[in-house]
Trainee: 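Following this message is one structure expressed as structure tokens.
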Amino acid sequence: MQGRFKKILDAVKKLWPYGSATEDQLRDLKAERHENERDARLFQAVETLKRLFPGVHGQMTDLCRLTQKKYNLAVTVAMGRCMDAIVVENEQTGKECIKVRKQLCHSSDTSNI
């Protein structure tokens, strides 16, 4: 009985590092999937607002494309949460967009915005 237990324990010790690496990969993939889903929802929301209001220009990340990649991190850190901001023509358009987003988020179908 002890010999069998020792064999199982040895097998677990051999496979343990692989399990840890697999868990890390799985966690990274889940985080990436979550981020991709969030980006897709935001993109869809911006497209809906563009259709509804002519004064909507788009998302800050789409409008601010850097010509030199070396500044990517610096600009992202400097802009922070504003990178997801939606750029509009004027204050009135912004207020209308907020009103529509709130209405859609409170409805049963929140997949649009």
Side-chain angles (χ1 to χ4, degrees):
M1 185 73 160
Q2 284 184 347
R4 184 173 175 212
F5 180 73
K6 185 170 175 7
K7 284 182 184 179
I8 293 172
L9 188 59
D10 289 341
V12 168
K13 286 180 181 178
K14 276 180 151 176
L15 296 175
W16 189 261
Y18 298 114
S20 178
T22 303
E23 287 176 3
D24 291 343
Q25 289 174 342
L26 184 60
R27 189 176 17 262
D28 291 344
L29 288 172
K30 284 181 180 178
E32 187 176 332
R33 185 188 79 199
H34 178 72
E35 187 175 328
N36 288 340
E37 289 172 352
R38 184 185 144 279
D39 289 345
R41 283 192 308 270
L42 186 57
F43 177 78
Q44 186 178 12
V46 172
E47 291 303 310
T48 300
L49 291 174
K50 280 182 178 180
R51 279 194 316 273
L52 294 173
F53 304 104
V56 176
H57 297 291
Q59 190 178 357
M60 183 67 78
T61 54
D62 296 331
L63 299 173
C64 296
R65 293 287 179 205
L66 297 175
T67 56
Q68 296 181 349
K69 298 278 185 196
K70 65 182 179 181
Y71 297 117
N72 229 5
L73 180 61
V75 170
T76 302
V77 169
M79 294 206 53
R81 292 182 59 198
C82 293
M83 289 297 289
D84 290 335
I86 298 171
V87 180
V88 296
E89 188 77 26
N90 53 42
E91 185 178 348
Q92 182 61 33
T93 304
K95 287 179 180 179
E96 302 239 351
C97 288
I98 292 170
K99 192 184 307 182
V100 168
R101 287 191 68 172
K102 283 182 180 180
Q103 287 173 353
L104 289 174
C105 286
H106 291 299
S107 72
S108 60
D109 180 25
T110 58
S111 61
N112 288 337
I113 293 182

Trainee: What residues, two or more places apart in sequence or in another chain, satisfy side chain to side chain contact (heavy atoms under 4.5 Å, CB included) together with Asp84?
Mentor: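 Applying side chain to side chain contact (heavy atoms under 4.5 Å, CB included) to Asp84 gives Arg38, Leu42, Gln59.
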
Trainee: With Glu37, which residues qualify under salt bridge (charged side-chain N to carboxylate O under 4.0 Å, His left out), at least two apart?
Mentor: Arg33

Trainee: Out of curiosity, does Ile86 fall in the hydrophobic cluster containing Ile98 (side-chain heavy atoms, cut-off under 4.5 Å, transitive links)?
Mentor: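 No, it is not one cluster - the side chains of Ile98 and Ile86 are not joined through contacts under 4.5 Å.
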
Trainee: Locate the shortest heavy-atom distance separating Cys97 from Val88; write the atom from each residue and the value.
Mentor: SG-CG1, 4.2 Å

Trainee: Who are the side chain to side chain donor-acceptor pair (under 3.5 Å) partners of Glu91, not counting sequence neighbours?
Mentor: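 Checked Glu91 against side chain to side chain donor-acceptor pair (under 3.5 Å); matches are Lys95.
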
Trainee: Got a sec, which residues hit salt bridge (charged side-chain N to carboxylate O under 4.0 Å, His left out) with Glu89, two or more places apart in sequence or on another chain?
Mentor: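 Partners of Glu89 by the salt bridge (charged side-chain N to carboxylate O under 4.0 Å, His left out) criterion come out as none, since no residue qualifies.
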
Trainee: Working to the nearest 0.5 Å, report the span between CD of Gln44 and CZ of Arg41.
Mentor: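 The CD atom of Gln44 sits 10.0 Å away from the CZ atom of Arg41.
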
Trainee: According to a hydrophobic-cluster definition based on side-chain heavy atoms being under 4.5 Å apart (Ile, Leu, Val, Met, Phe, Trp, Tyr only), do Val56 and Val87 belong together?
Mentor: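 Unlinked, Val56 and Val87 end up in two clusters.
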
Trainee: Can you name the side chain to side chain contact (heavy atoms under 4.5 Å, CB included) partners of Asn90, sequence neighbours left out?
Mentor: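 If we apply the side chain to side chain contact (heavy atoms under 4.5 Å, CB included) test to Asn90, skipping adjacent residues, the hits are Gln92, Thr93.
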
Trainee: Yes or no on side-chain contact (heavy atoms from CB on, under 4.5 Å) for Asn36 and Glu32, after CA distance, side-chain angles and deciding distance?
Mentor: CA-CA 6 Å; Asn36 288 340; Glu32 187 176 332; 3.9 Å; yes

Trainee: Would you list the atom pairs, donor with acceptor, under 3.5 Å between side chains in residues 60-75 and any protein atom, with sequence neighbours excluded?
Mentor:
unit_1, atom_1, unit_2, atom_2, d
Asp62, OD1, Arg65, NH2, 3.3

Trainee: Salt bridge or not for Glu96 and Lys99, using N-O below 4.0 Å?
Mentor: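 Salt bridge: no.
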
